[in-house]
Chemist: 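I have a structure here, written as structure tokens, and I will follow up with some questions on it.
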Amino acid sequence: MIPAAPLPMQPRRWQQAWREAVRDPRELLAMLGLEQAALQVSPAAAAQFPLRVPRGFVARMRRGDPHDPLLRQVLPLDEEMRPVAGFDFDAVGDGAARAGRGVIRKYRGRALLIATGSCAVHCRYCFRRHFPYAEETAAAAGWSEALATIRADASIDEVILSGGDPLSLATPKLAELTAALAGIAHVRRLRLHTRLPVVLPERIDAGLTTWLAALPWPVAVVLHANHANEFDAAVDAAMARLRDAGAALLNQAVLLRGVNDSVEALAALGERGFAAGVLPYYLHQLDRVAGAAHFDVPDARALALHAALRERQPGYLVPKLVREVAGDASKRPL
Ligand SMILES: *Cc1c(COP(=O)(O)O)cnc(C)c1O
Ligand code: SF4
């Protein structure tokens, strides 16, 4: 066979879209026809955790609506800089559960790899906004430390790629990891936790689906969408490509005040996800991370919303309402 001529080095479409993400809060507000002053955008919050949002995601925001549920997830606001008791820097005990560089071992049978620190979008509520990514990624040193950790523990049968967002790594980098994992007999499942198919559906390109389809294990992709408006035709098409590649699609959402804290919003999220081939998995109570207190929904209200959702939705469209508690053996049902 004649090997195909190498293509000239061109950025892939998704990498281009990644680089063109909006990073200036003023530009974002101008695109939406909103005044900065009315929203109390915080330069200090933006300095701590910069704004980053792909243009395709901005296109799904409502023009002229300062309460848009997608905008609220990404806009750095003054409220973030207000210290609130009980909202700390390592909210979920990841520091203590570290099992080796880039590996977090909290639950039986599962090892979570911090594949990379990068994300295509910066979510203001993210519990990892203070995590020391740079020293912690499993991709450092060609995955060797993370692989050694997994190889040494035969109780690990599922490897979870997380981050950051694992799909922010280029496909060959992911392939390098899975090729090495394929040599570890006790690994039987692979899972990806990613927001990229939602915020940058271009990422689900032919190279990625070819890689996915060839993996030797059953694969689950856990998406992170918090609101029905995050889905559009491009996202639907990305989900279809993931399903065609054999992945089971689940969604986890975070319950966020001002974003999805109504039974209508939660029902719509489940229905819209299902239309795209995605089943709800978890609805997380917010991790109590510094800077995110204004998103918090009190437990009593969370339980009431969940009960109302259970009454009106089919069981398969009701996610499990959980909270992450440091030291627990699983996510804790509320
Ligand atoms: C959430 C999480 C998992 C996965 O838990 P599931 O209940 O299986 O979804 C695994 N490891 C860590 C460190 C986690 O935070
Ligand atoms: S890790 Fe997930 S929730 Fe956090 S900023 Fe990245 S995409 Fe958003």
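Since the structure is predicted, the reported quantities are computational estimates derived from the model, not experimental observations. Just so you know, ligand 1 is whichever comes first in the structure, and atom 1 is the first atom listed for that ligand. Starting from 1, each residue takes its place in the sequence as its number.
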Chemist: List ligand 1 atoms under 4.0 Å from Ile104, heavy atoms only on the residue side.
Modeler: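 By the 4.0 Å cutoff, the relevant atoms are 13 (C).
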Chemist: For residues 205-231, pull every pair meeting salt bridge (charged side-chain N to carboxylate O under 4.0 Å, His left out), keeping only residues two or more places apart or in separate chains.
Modeler: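 Matches after skipping sequence neighbours: Arg195-Glu230, Arg203-Asp205.
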Chemist: Under 2.8 Å from atom 8 (Fe) of ligand 2, can any N, O or S atom of Cys123 be found?
Modeler: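 Yes, Cys123 qualifies, because one of its backbone or side-chain N, O or S atoms lies under 2.8 Å.
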Chemist: For ligand 1, which is the ligand I care about here, please tell me if Tyr282 has any N or O atom under 3.5 Å from one of the ligand's N or O atoms.
Modeler: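 Yes; the residue has a nitrogen or oxygen that sits under 3.5 Å from a nitrogen or oxygen of the ligand.
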Chemist: Take atom CZ in Arg108; do more than 12 heavy atoms of anything else shown fall under 6.0 Å from it?
Modeler: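 For Arg108, atom CZ is not crowded (no more than 12 foreign heavy atoms under 6.0 Å).
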Chemist: Quick one: look at Val222 and ligand 1, take heavy-atom pairs under 4.0 Å, and tell me if it's side chain, backbone, both or neither.
Modeler: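 It is neither; nothing of Val222 touches ligand 1.
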Chemist: Assess, by modelled atom type and distance only, whether the side chains of His186 and Arg188 contain a donor and an acceptor separated by less than 3.5 Å.
Modeler: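 Per modelled atom types, His186 and Arg188 side chains form no pair under 3.5 Å.
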Chemist: Check whether any N or O atom of Arg191, backbone or side chain, sits under 3.5 Å from an N or O atom of ligand 1, and answer yes or no.
Modeler: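 N/O-N/O distance under 3.5 Å: yes.
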Chemist: With heavy-atom distances below 4.0 Å as the criterion, list the atoms of ligand 1 near Tyr281.
Modeler: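 What qualifies from ligand 1 is 6 (P), 7 (O), 8 (O), 9 (O).
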Chemist: First locate atom CG of Asn226, then atom NE2 of His284, and finally report the distance between them rounded to the nearest 0.5 Å.
Modeler: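 Rounded to the nearest 0.5 Å, the CG-NE2 separation comes to 10.5 Å.
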Chemist: Using a 4.0 Å heavy-atom cut-off, which part of Glu324 comes near ligand 1: side chain, backbone, both, or neither?
Modeler: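 Contact part for Glu324 vs ligand 1: side chain (C-beta onward).
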Chemist: Show which atoms of ligand 2 fall inside a sub-4.0 Å distance from at least one heavy-atom site of Arg195.
Modeler: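 Here the atoms of ligand 2 in question are 7 (S).
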Chemist: Are the side chain of Arg288 and the backbone N or O of Ala85 linked by a donor-acceptor pair below 3.5 Å?
Modeler: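 Checked: no pair found.
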Chemist: Using distance alone, with no hydrogens and no angle criterion, decide if Ser144 and Arg101 have a side-chain donor and acceptor under 3.5 Å apart.
Modeler: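 Checked: Ser144/Arg101 side chains show no N/O donor-acceptor pair below 3.5 Å.
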